[in-house]
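Just so it is clear, the values below take in all heavy atoms, side chains as well, and ignore hydrogens, waters and symmetry mates. Here is how names work: the chains are called A, B, and so on, in the same order as the sequence lines, proteins then strands, and each is numbered from 1. This is a predicted model, so every value here is computed, not measured.
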There are 2 protein chains.
Amino acid sequence: MTPPSTSVLGSPESLCCAPLTDAAFSERDAEEIAGILGALSDPVRLRLFSIVASQDEVCSCHLEGPLARSQPTISHHTKVLADAGLIHGEKRGRWMWWSVVPERVAQVRQLLGGT
Amino acid sequence: MTPPSTSVLGSPESLCCAPLTDAAFSERDAEEIAGILGALSDPVRLRLFSIVASQDEVCSCHLEGPLARSQPTISHHTKVLADAGLIHGEKRGRWMWWSVVPERVAQVRQLLGGT
DNA sequence: CTGATACATTGACAGATATCAATATGACGA
DNA sequence: TCGTCATATTGATATCTGTCAATGTATCAG
């Protein structure tokens, strides 16, 4: 199911490479990790992520209000976060339910010199 | 010495607020944290940071080569990282020596739901 | 003082991106 | 089937940003 990958972080299940205090990142690794951090580098998107992270599941319809952004913008941000592997979406009926991928967050934390 | 600040992360010495798994960030907090993560969201800059982080001190003159960027670009990136509080620069003679601010990195790690 | 070296700043420009209006897709209820 | 609701996609636009050439500033050697 998971396609073969030589990426640093790989699938959310796999553990990542050495933290940045150990060795400099390769160009390829830096590209991938920067992409993930970039997904969290927008204020609105970071707040969206924190809303999802502070709950079990959040419906898209419950994000427009707190974030004060249009529906397409919310959809755009959830897509960016999902593409980065930071959140996971599940469609149930007409609603889209989002939840964080804890393993992914743990990976990023470890890259930052985590324990 | 440290100016009064109501920011989330505050000075590199102060500990930060609750991790994002506990509560959603305020607009103000998200703005600041996103700025810090944004400093790490560029591949070249992230690699620069990892080079500095994997050593005690790094001279600006030792970054142009590995990163394959012009001197002004390197200077720009170091400034962005320094403004984010992630690295600290010290001029000695004609050379600028950069080192990471470990407390800052630890703060970011804690915001990511760290232990 | 003069020239050279290391870094910072400025200005310009191409590419990325956050945003919304309009539209499309898909699911449910009547 | 029809209309409504929730979300995704497309297209357009204003803003942000990474990059380099040119220039400015500070330090050291002679």
* Charged N to carboxylate O under 4.0 angstrom, A:Glu57 versus A:Arg92? -> yes
* To do: Send over the distance from B:Arg92 CZ to C:dC7 C1', rounded to a whole Å.
  => 15 Å
* State, without any angle test, whether B:Thr78 and B:Ser75 hold a side-chain donor-acceptor pair at a distance under 3.5 Å. => no
* Structure fact -> Cluster membership besides B:Trp97, Ile/Leu/Val/Met/Phe/Trp/Tyr side chains within less than 4.5 angstrom, sorted by chain and number, is B:Trp95
* What integer distance in Å separates A:Leu63:CG from D:dA6:P? -> 14 Å
* Cluster link A:Phe49 to A:Val80, ILVMFWY, side chain under 4.5 Å -> no
* Nearest-Å distance, CZ (B:Arg69) to P (C:dC7)? -> 18 Å
* Any idea which heavy atoms bring B:Pro43 and A:Ala30 closest together, and the distance? -> O-CB, 3.7 Å
* Asked: Quick one: is D:dG18 close enough that its OP1 or OP2 comes under 4.0 Å of any side-chain N or O from B:Arg45?
  -> yes
* Of all the nucleotides listed (C:dA18, C:dC20, D:dT19), which has the minimum atom distance to the side chain of A:Ser70? -> C:dC20
* What integer distance in Å separates B:Arg47:CZ from D:dG18:P? -> 15 Å
* **Working for side chain to side chain contact (heavy atoms under 4.5 Å, CB included), residues A:Val108 and A:Leu37** => CA-CA 8 Å; A:Val108 177; A:Leu37 293 174; 3.7 Å; yes
* OP1 or OP2 of D:dT19 sitting under 4.0 Å from any side-chain N/O of B:His77? -> yes
* Return the value, rounded to whole Å, for the distance between atom CG of A:Asp83 and atom P of C:dT17. => 12 Å
Restricting both atoms to N or O, compile the protein contacts to nucleotides 7-11 of chain D shorter than 3.5 Å, with distance only.
unit_1 : atom_1 : unit_2  : atom_2 : d
D:dT7  : OP1    : A:Ser60 : N      : 3.4
D:dT7  : OP1    : A:Cys61 : N      : 3.1
D:dT7  : OP2    : A:Cys61 : N      : 3.2
D:dA8  : OP2    : A:Ser75 : OG     : 2.9
D:dA8  : N7     : A:Gln71 : NE2    : 2.7
D:dA8  : N6     : A:Gln71 : OE1    : 3.0

